[in-house]
Amino acid sequence: MDKTYNPHELEQRWYQRWEESGCFRPTGKGEPYCILLPPPNVTGTLHMGHAFQHTLMDALIRYQRMRGRDTLWQVGVDHAGIATEMVVTRQIEAEGGKRDDLAREDFINRVWQWKQESGSTITRQMRRLGASADWSRERFTMDPDLSEAVTETFVRLHEEGLIYRGPRLVNWDPVLQTAISDLEVVNSDEQGKLWSIRYPRTDGRGDVVVATTRPETLLGDVCVAVHPEDARYRDLVGQTVELPLTGRQIPVVTDEYVDPEFGTGCVKITPAHDFNDWEVGARHGFSPINIFTPTAAINDQAPARYRGLDRFAARERIIADLKLEGLLIEEKPHAMVVPRGDRSGQIIEPYLTDQWFVKMDQLGRLGLDLVESGQVEFVPGNWINTYRHWMENLQDWCISRQLWWGHRIPAWYDEQGKIYVGRSEKELRARYGLSDDRVLRQDNDVLETWFSSALWAHSTLGWPDPKRMASEGFERYLPSSVLITGFDIIFFWVARMIMMTGHFTGKVPFEQVYITGLIRDSHGQKMSKSKGNVLDPIDLIDGIELEQLIDKRTSAMMQPHLAKRIEKTTREEYPNGIPAFGADALRITFTALAGHGRDIKFDLARCEGYRNFLNKLWNATRFTLMNVGQERLPAPTDSQLDTLSRWILSRLSRTITEVDQALADYRFDLATRALYEFVWNEFCDWYLELSKPALYEEAEANDPATALATRHTLARVLETTLRLLHPFVPFVTEEIWQRVRLPAGVEGDSISQMSWPLAQATDTAAEADAEWLKTVISAIRSARTELNLAPGKPMPLLIQGGSEQDHLRLERFGDLIRKLARLERIETVASDFDSAACATALAGELRLLIPLAGLVDVAEELARLNKQLEREQKGMEQVDKKLSNERFVANAPPEVVDKERRRLEEHRNTVSELRKQIQRLASL
RNA sequence: GGGCGAUUAGCUCAGUUGGUUAGAGCGCUGUCUUGACAUGGCAGAGGUCACUAGUUCAAAUCUAGUAUCGCCCACCA
């Protein structure tokens, strides 16, 4: 084995072998365990959030597979309507073409072609990370069978009256020219302006003043509203005012919606371009006046002077005209909320169009019930509040998009505009008796992407086709066990899956939802291209040179002027680029950081620390192999095991229990920590060191049984530990395990197919012995360092006092203490021995004396002892205070009081010992 | 405006139902190339647990309030 752990080569080697062996497929035996991958966008590349979530999913899948569960990790990719259409459109434009020059069918062919070439980036990257998914069952949301599920869903919902089409005000993206759902609108706080405009009264008795942030919409005003109780405007109600620039007269109405405190208390009402105004207009029976074209230019409803101007130009001209007519009273800065499309970043217009909607009242109630009743459980539990709040305030879901790429809506129109919905044109002609000479035209729109991903849980298991459902294991794998995802798609996806799977199958899609935090940079900033702080998980695995990293971060920027600053900070933060940590180090860093309910600041130093940990494991293996050889060792019986071996096996068992518990609670951080501490602080720091003396030649000659037991235990503990670590760091554990399995006496082809270790009974006697030994050795080492005694210099140790058990232990472990604390010899001295010329360390009642023989100055030793004394006294006082409180003694449980009493006793002893020694020393 | 969360060592975080002297990693200090590992060993320094009041024999932990910082949701022109 190499002296240093080198992830690159070994990681390349193992994935392919695993995948080819088919060991990631469900076995069909044992209790099913299933995880659904939230299908990433086909346009996507693996980002830190994916890598994090995939690591958690893979750790669970591998863990449960080892425990004998029948695991299915259902993976797949989403067709991502808008995102994909944008990518391919950009590609066409880069070639000098235009999307609109292509026929719909040709464009769709281009998309499929693009998918063929570039659509598998992310699944390739998942393999690099070690994701043990069943790729033979990988699905794409536009696959024929999933598309069939989509059509079936649409048709059935329509038949049930849960889907309808109608003219409604929707969120319209004038650049992409499609409707989007409420969820796809992000409200951004921006600095705008508020204009006050005068509307003259037609009766000539002055005018009213309205305030608006969108003066161009005035062209579509239908009335002015005031609050019914507003005394100022009582004489105005029922009158009309003149709408500037239009020559129209509009009435004044009263409506509760108006806040008399805001502005002048008069509101212009534009039902076609504002969601509130729509409601107000409807209450008062006004028809909305739409003034925009689909690209948000002024249409023919407006006076000729403004027609054809886009929304921003129209605003400027209207302001100018109002000024000219003396109707503009005031213009002032105004903080406002601007709706923008989450994909395009463009300002969204409320716009009146015909769209398809899913009714949400019934489905929403179902979705809420399934969670409230505990059939779906959120982890951490408080996410239920977020979910509940949203489910209780659901709006109907706008599912149609004016795009080409996606599932085309299964609705056809005849020449009269009558709508027919059906699974296909053929089915529908048969059903409605429409002869072939009747012309039917299919709806041009497609369904939004989330409509198909909402079906992911059951459509990937063959629904609605009974034959496929049987062969794919619909009954067996639904509901899935746990969904691991970020809070950002609780509404987009989690809620909709619960509703759809619940409605169509009567089952829940998953039993638990584990909501992860967001991966941020080491300063807590969200990672984003414009901030230039994005880390690519693949770069952490493979490493990247500084110049390449800068290039990556500053190329293809939306705002090129930021490039310079990004380059500067990148140079400062990564002067040597990023080293190759390997997939395993990245994975275990993620699991170590995965606490509950908190965002994660990703710090490269952590990743480096875990890379070092794997190096430690690697070298512990080298040590083990050097000492146990390559041959299968005979297993000692329990009675042949030495104390230290029993100790480390006991600690190992405790570690197994801890990891099991942590994973049951989704505490990946605690599981990782338990393993880290066991491997480093117990196995490497102590067991390996303590095993060395037993393996020395002369020791082996004296005590061959212990040497053999030690060898076997080394191999056994290491092999078991590798299995415990495997779900977290699959590659390196496989590599090492292949070398360790033989001496450990284990049969199997791959660690990924081995069973999960079971915790054995613990051995508290052995644990107590080992703790005693560690305390004694540490006390001697500490004294030696504090006295500046050369670590290599052999010195004698004198033992004074101590219990019978101390002396029994000294007898048993004397050699070990001598070797590990680098002592020349250990000698017991009588209780009246004058220890004045010695440094003292205490281990319980046992006094450990190091003869100074003029080596150290007395003042230094005095200072050291005084420091200890101070610490002890402080502790003693605290305990004493507690115990002298009558109410504590009376009220606290007896075992707690006893414990405190014992502590007090110990403190007293130590304090008196220290005092004595200080006195002796001072008298010198 | 409503909701959720955070505040513990220089930095990043643990701290399970209240009960040893509040822990770890990174960083820092000293020291050691001892036959697994310098991506290391050994030893150490470092904290009024944001603040205030309360409950309790006992509070980092429970309650109320205050402050600061995040995030989500919401129709104020």
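The chains referred to below are lettered A, B, ... by the order of the sequence lines, with proteins before strands, and numbering in each begins at 1.
- Proximity note for A:Pro893 (side chain, C-beta onward) versus B:G19, B:C37, B:A36: the nearest is B:G19.
- Within 4.0 Å of A:Ala605, counting heavy atoms only, lie sugar-phosphate atoms of the nucleic acid but no base atom.
- Summarising the local packing, CD of A:Glu886 is surrounded by 12 or fewer heavy atoms from other residues, nucleotides or ligands at distances under 6.0 Å.
- Residue A:Leu688 is in base contact, counting any heavy-atom pair closer than 4.0 Å across all strands shown.
- When heavy atoms are screened at a 4.0 angstrom cut-off, A:Trp680 is found touching the sugar-phosphate backbone but no base atom.
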Test ring pair (Phe, Tyr, Trp, His ring centres under 6.0 Å) on A:Tyr387 and A:Trp383 and set out the steps. CA-CA 6 Å; A:Tyr387 180 82; A:Trp383 285 107; over 10 Å; no

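- Rounded to whole Å, the distance from CG on A:Leu625 to C1' on B:A36 is 10 Å.
- Computed from coordinates, the A:Tyr676 OH to B:A14 C1' distance equals 14 Å when rounded to whole Å.
- No hydrogens or angles were tested; on distance alone, a donor-acceptor pair under 3.5 Å links the side chain of A:Glu689 to the base of B:A36.
- Taking only side-chain atoms of A:Thr785, from C-beta outward, the nucleotide of B:G19, B:C42, B:A36 with the closest atom is B:C42.
- A:His389 contributes atom NE2, which lies 8.5 Å from atom CZ of A:Phe491 (distance to the nearest 0.5 angstrom).
- Not a single donor-acceptor pair, N or O on each side, falls under 3.5 Å between the base of B:C37 and the side chain of A:Lys3.
- A close approach under 4.0 Å does occur between a side-chain nitrogen or oxygen of A:Asn891 and OP1 or OP2 of B:C57.
- Contact annotation: A:Lys616 does not reach the phosphate of B:C37 (side-chain N/O to OP1 or OP2, under 4.0 Å).
- Nucleic acid contact for A:Glu279: none, since no nucleic acid atom lies under 4.0 Å from a heavy atom of the residue.
- B:C28 is paired with B:G44 under the criterion used here, namely a Watson-Crick or G-U wobble arrangement in which both key atom distances are under 3.5 Å.
- The residue A:Arg781 sits close only to the backbone: its heavy atoms come under 4.0 Å of sugar-phosphate atoms, none of a base.
- At whole-Å resolution of the value, CG in A:Asn619 and P in B:G41 are 10 Å apart.
- The side chain of A:Trp383 contributes no N or O atom lying less than 4.0 Å from OP1 or OP2 of B:G3.
- Comparing atom distances between the A:Asp685 side chain and each of B:A36, B:G35, B:G41 picks out B:G41 as nearest.
- Remark: B:C4 base-pairs with B:G70. Criterion, Watson-Crick or G-U wobble with two distances under 3.5 Å.
- Note that the CD atom of A:Glu190 and the CE atom of A:Met336 stand 8.0 Å from one another [nearest 0.5 Å].
- Applying the 6.0 Å contact sphere to NZ of A:Lys193 captures no more than 12 heavy atoms from other residues, nucleotides or ligands.
- When each of A:Phe581, A:Phe728, A:Phe52 is checked for a ring pair (Phe, Tyr, Trp, His ring centres under 6.0 Å) with A:Phe590, only A:Phe52 meets the rule.
- Under the 3.5 Å distance criterion, the side-chain polar atoms of A:Asp880 are left unmatched by any main-chain donor or acceptor of A:Met876.
- Atoms CG (A:Asn382) and C1' (B:G3) sit 11 Å apart, rounded to a whole Å.
- The partner of B:A38 is absent, by the rule that a Watson-Crick or G-U pair needs both atom distances under 3.5 Å.
- Atom pair A:Leu586:CG and B:U39:P shows a separation of 21 Å (rounding to whole Å applied).
- Within 4.0 Å (heavy atoms only), A:His907 reaches at least one base atom of the nucleic acid.
- Residues A:Glu906 and A:Ser522 both approach RNA chain B. Their nearest nucleotides, taken by heavy-atom distance, put A:Ser522 toward the 5′ side.
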Contact letters for nucleotides 70-77 of chain B, in which S counts primed atoms plus P, OP1 and OP2 and B counts the base, heavy atoms under 4.0 Å: ---S-BBB

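- In this structure, A:Phe581 places its CZ atom 10 Å from C1' of B:U39, rounding to the nearest Å.
- Between A:Lys692 and A:Asp603, the one whose closest nucleotide on RNA chain B sits nearer the 5' end is A:Asp603.
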